[in-house]
J.: 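My questions will all concern the structure given below.
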Amino acid sequence: MSASSTFRIVLTQQIIPGREREFEETWLQVAPDAAKQPGNLGAWLVRSTDDPSTYYIFGEWANEQAYQEFQRNPEHLEHRKRLHALRTSFSAATGTVVAHLPGVGARAYAEQAG
């Protein structure tokens with residue numbers, strides 16, 4: 001697989017103030033189902049350091065087709081409803097990786113993380 005075929009998505013979500021912990025717990029409950037899908041390469045939940053009610057979800061897929069198939073999955077549609085109830089806004093941006101330059105610390109970090 002070439003890096004240029006890798007498909008990425010970035011979701012930006014504003015969570016209802018006071019429900020951030022519930023959102024994190026819900027995401028941790030539903031995200032493993034996405035990880036089991038063919039073509040899923042991983043996902044990251046990131047909380048903004050500027051605004052504790054803003055979260056980013058970074059998803060990586062082998063290609064856009066795998067991601068689109070996941071989007072039609074009935075189980076995923078139910079999970080989205082659970083997450084939607086905890087947020088005030090949502091936006092998504094998608095793209096295909098054109099190039100990837102691993103940083104000098106990537107190997108040492110991976111080895112240290114085990």
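Because only heavy atoms are used, hydrogens play no part in the values below, and waters and symmetry mates are left out as well, while side chains stay in. Keep in mind it's a predicted model, so treat the numbers as computed, not measured.
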J.: Taking atom OG1 of Thr96 and atom CZ of Phe7, what is their separation to the nearest 0.5 Å?
T.: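 The CZ atom of Phe7 is 6.0 Å from OG1 of Thr96, to the nearest 0.5 Å.
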
J.: Measuring from Arg19:CZ to Thr88:OG1, what's the distance to the nearest 0.5 Å?
T.: 11.5 Å

J.: I need the minimum non-hydrogen distance between Leu86 and Ile15, along with the two atoms involved.
T.: O-CG2, 3.2 Å

J.: What are the two closest heavy atoms between Leu77 and Arg72, and how far apart are they?
T.: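 Result for this residue pair: CD1-O, 4.2 Å.
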
J.: Going from CD on Glu22 to CD1 on Ile16, what distance comes out if it is rounded to the nearest 0.5 angstrom?
T.: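 One finds 8.5 Å between CD of Glu22 and CD1 of Ile16.
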
J.: List the atom of Pro32, the atom of Gln29, and the distance in Å for their closest heavy-atom pair.
T.: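 That closest heavy-atom pairing would be CD-O, 3.6 Å.
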
J.: Any side-chain heavy atom of Phe70 within less than 4.5 Å of one from Asn40?
T.: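 A side-chain contact under 4.5 Å is absent here.
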
J.: Report yes if the side chains of Thr54 and Thr12 come closer than 4.5 Å at any heavy-atom pair, otherwise no.
T.: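 Counting from C-beta outward, Thr54 and Thr12 do come under 4.5 Å.
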
J.: For Glu75 and Asn73, work out which heavy atoms get closest and say how close.
T.: N-OD1, 2.7 Å

J.: Who pairs with Gln13 by side chain to side chain donor-acceptor pair (under 3.5 Å), at least two apart in sequence or on another chain?
T.: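 With neighbours one apart ignored, the set is Arg87.
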
J.: By the definition side-chain hydrogen bond (donor to acceptor under 3.5 Å, both in side chains), identify the one residue from Glu69, Gln65, Glu64, Gln71 that meets it with Tyr67.
T.: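 Running side-chain hydrogen bond (donor to acceptor under 3.5 Å, both in side chains) over Glu69, Gln65, Glu64, Gln71 with Tyr67 returns exactly one hit, Gln71.
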
J.: Taking ring pair (Phe, Tyr, Trp, His ring centres under 6.0 Å) as the test, write out the residues that go with Tyr55, two or more places apart.
T.: Phe23

J.: One thing to verify: whether Arg21 and Glu25 come together as a salt bridge, which I'm taking to mean a side-chain N less than 4.0 angstrom from a carboxylate O.
T.: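 A salt bridge links Glu25 with Arg21.
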
J.: So among Ser48, Ser91, Ser53, which one has a side chain to side chain contact (heavy atoms under 4.5 Å, CB included) with Gln14?
T.: Ser53

J.: Which pair of heavy atoms, one from Trp61 and one from Ala34, lies closest together, and at what distance?
T.: CH2-O, 4.2 Å

J.: Measuring only between side-chain heavy atoms, which start at C-beta, is Val30 closer than 4.5 Å to Arg82?
T.: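 In contact.
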
J.: Quick one: closest heavy-atom pair of Pro52 and Arg47, and the distance?
T.: O-NE, 2.8 Å

J.: May I ask you to list the residues sharing a hydrophobic cluster with Val46, side-chain cutoff 4.5 Å, ordered by chain and number?
T.: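 Via sub-4.5 Å side-chain contacts, Val46 links to Val10, Trp44, Tyr56, Phe58.
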
J.: Using 0.5 Å steps for rounding, measure from the NE2 atom of His76 to the CG atom of Asp33.
T.: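 Rounded to the nearest 0.5 Å, the NE2-CG separation comes out at 10.5 Å.
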
J.: Measure the CG-CG distance between Leu28 and Leu45 for me, rounded to the nearest 0.5 Å.
T.: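 Rounded to the nearest 0.5 Å, the CG-CG separation comes to 7.0 Å.
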
